[in-house]
Amino acid sequence: MRISSIQIYVIKMPLKSPFLTHLGAVTDREGIIVKVTDLDGASGYGEGVAFSSPWYTEETVQTSLHMLNDFLIPLLKKNPIQHPKELSKVFQSIRRNNMAKSALETAVWDLYAKRNSTPLSKILGGIREKIPSGVVVATDSSVKALTQIEDYLGQGYQRFKIKIHPGQDITLLSEIRRSYPELPIMADANSSYTLKDIDRLKALDEFNLLMIEQPLAFDDLIEHAILQKEVKTPICLDESIVTFDDARKAVEYGSCQVINIKVGRVGGLYEAKRIHDYCLEKNIKVWCGGMIEFGVSRAHNIALATLPGFTIPGDISASSRFWDEDIIFPEVIVENGWVKIPTEPGIGFQINEKRLREILVAERNYPF
Ligand code: OSB
Ligand code: MG
């Protein structure tokens, strides 16, 4: 691959409505778009999904920019590659900073797929023509949650993820179950419980949740294994899985029955696919997680979710779930609960340059 330049765009867009968890509110989404161009003028796009502050993982937009500027882009300049899967080796000398790595790695995958005139989903080994779509309800009252569920149900979403914490879990889930006894719902706790809450967590079994995501500490595998033996509801891990070896250990210890794979959290599409392949072999269910992302990362998620192990609906919702106007064309749409896989080369979406310019905060250019 003959890379000639890299552009970085820092963007910022308000969410249609605040995204609330026990960890705080996201009202404006800052993000990073990486464009990698080759000597023939072809380009690929990736997205950095770290937030403005380190509430979900330790990375931020600023740490990502620092890593890209001072380490990752210089490493790529020094180490020409033939294939995007070589990047995980090239970046190996940098500890963690997975979202920064992923921003650049995914852009190179898009470029590679375009140069091979093949959809990215096919390059990755995907087998689906459409994927089932799930949506997240992240608000601060039962009334608002019920209104959102009604709205999303009308739009066809196939699975509903409810943000919970010990302050509202039972009240909220009881209210939802009263109106929707059979609705496919799951809960995401974002590490708001400890093992001291074990009775409370056991009590959640009665709500017939598809799974409970990351109940315990963000970096824990051991206590989740203890918990999984005590509760019937399958545990799904999100924050705890940042490498292939985390996934392997979680499966070996029995820490979870399901893994939420996020491309950014694990450092790129190559690592995401390795975790997927391992889980498929071990009969562990996986689904594709979301990061309140813009269209570029959404497009990468769509390609990844076509792999054979992604059998359950993930957090891949329509662009309109969060944005008045996304930065891609066409926008991601959900039709009767499904997202169609693009058939054009690469991620299969164009950049909406006009929208990108409207929300641009900063721009950097790196000639090779
Ligand atoms: O814990 O899965 C999470 C959004 C931002 C950070 C962490 C999480 C989330 C979500 C997914 O719940 C939201 C989405 O993009 O659909
Ligand atoms: Mg989560």
Side-chain angles (χ1 to χ4, degrees), residues 15-27 56 131-194 197-216 224 227-228 230-239 256-260 262 285 287-292 311-318 320-322 334 336-339:
L15 270 67
K16 277 183 167 177
S17 62
F19 188 89
L20 306 178
T21 71
H22 76 106
L23 297 167
V26 180
T27 51
Y56 168 71
I131 53 168
S133 181
V135 69
V136 182
V137 172
T139 187
D140 56 0
S141 80
S142 299
V143 175
K144 284 186 201 157
L146 286 169
T147 311
Q148 286 190 10
I149 290 173
E150 196 186 340
D151 178 15
Y152 296 143
L153 201 54
Q155 294 177 40
Y157 286 104
Q158 301 194 34
R159 186 235 58 188
F160 302 80
K161 176 165 117 176
I162 318 294
K163 292 288 193 184
I164 60 161
H165 59 82
Q168 42 78 300
D169 51 3
I170 292 175
T171 336
L172 176 58
L173 294 170
S174 304
E175 294 267 344
I176 294 171
R177 275 293 177 234
R178 191 174 315 143
S179 303
Y180 303 100
E182 307 290 341
L183 196 70
I185 58 174
M186 58 169 292
D188 185 359
N190 288 107
S191 302
S192 55
Y193 300 79
T194 71
D197 302 309
I198 196 145
D199 291 335
R200 197 172 185 104
L201 289 162
K202 278 186 190 168
L204 300 184
D205 278 342
E206 71 163 296
F207 295 109
N208 193 22
L209 302 173
L210 297 167
M211 65 193 85
I212 178 166
E213 184 175 339
Q214 199 73 34
L216 306 179
H224 280 99
L227 178 64
Q228 183 65 93
E230 300 291 322
V231 296
K232 291 202 197 77
T233 306
I235 292 176
C236 168
L237 287 178
D238 173 358
E239 285 89 330
C256 63
Q257 298 179 34
V258 188
I259 291 179
N260 160 343
K262 287 186 187 170
K285 289 188 195 134
W287 53 274
C288 183
M291 282 293 285
I292 317 179
T311 51
I312 36 182
D315 289 345
I316 304 180
S317 51
S320 64
R321 161 67 181 82
F322 294 110
V334 172
N336 301 315
W338 298 86
V339 175

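All residue numbers in this chain count up from 1 along the given sequence.
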Closest approach of [X] and [Y], non-hydrogen atoms and distance?
X	Y	result
Leu209	Thr233	O-CG2, 3.9 Å
Pro234	Gln257	CB-OE1, 3.8 Å
Met211	Cys236	SD-CB, 3.5 Å

* To do: Given side chain to side chain contact (heavy atoms under 4.5 Å, CB included), test Ile292 with Arg321 step by step and report yes or no.
  => CA-CA 9 Å; Ile292 317 179; Arg321 161 67 181 82; over 6 Å; no

* I would like to know whether Val136 and Phe19 meet side chain to side chain contact (heavy atoms under 4.5 Å, CB included); could you show each step before the answer? => CA-CA 9 Å; Val136 182; Phe19 188 89; 4.0 Å; yes

Given side chains that start at C-beta, do those of [X] and [Y] come closer than 4.5 Å, heavy atoms only?
X	Y	result
Trp338	Ser133	no
Thr147	Thr139	no
Leu23	Tyr56	no
Ile162	Ile149	yes
Gln214	Asn260	no
Lys202	Glu230	yes
Ile312	Val258	yes
Asp188	Lys163	yes

For [X], enumerate each residue passing the side-chain hydrogen bond (donor to acceptor under 3.5 Å, both in side chains) test, keeping only those at least two apart in sequence or located in another chain.
X	answer
Ser142	none
Gln158	none
Ser317	Arg298

Residue list, salt bridge (Lys or Arg N to Asp or Glu O under 4.0 Å) with [X], at least two apart or on another chain:
X	answer
Asp315	Arg159, Lys161
Glu206	none
Asp197	none
Asp140	Lys144

Does [X] have any side-chain contact (heavy atoms from CB on, under 4.5 Å) partners at least two apart in sequence or in another chain, and if so, which?
X	value
Ile170	Ser174, Arg200, Ala203, Leu204, Phe207
Leu146	Glu175, Ile176, Ser179, Tyr180
His165	His22, Gln168, Ser192
Ser17	none

* Asked: By ring pair (Phe, Tyr, Trp, His ring centres under 6.0 Å), which residues pair with Tyr152, not counting sequence neighbours?
  -> Tyr157

* Asked: Could you go step by step and tell me if Met186 and Glu213 meet the side chain to side chain contact (heavy atoms under 4.5 Å, CB included) rule?
  -> CA-CA 8 Å; Met186 58 169 292; Glu213 184 175 339; 3.3 Å; yes

* **Over 12 non-hydrogen atoms of neighbours within 6.0 angstrom of NZ in Lys232** => no

Do side-chain atoms of [X] reach the backbone of [Y] as a donor and acceptor pair under 3.5 angstrom?
X	Y	answer
Gln148	Val143	no
His224	Cys256	no
Lys16	Ser320	yes

Could you give the distance from [atom1] ([X]) to [atom2] ([Y]), rounded to the nearest 0.5 Å?
X	Y	atom1	atom2	value
Ile164	Leu173	CD1	CG	5.5 Å
Ile259	Leu237	CD1	CG	6.5 Å
Glu182	Arg177	CD	CZ	7.5 Å

* Step by step, work out the side chain to side chain contact (heavy atoms under 4.5 Å, CB included) result for Ile185 and Val137. => CA-CA 10 Å; Ile185 58 174; Val137 172; over 6 Å; no

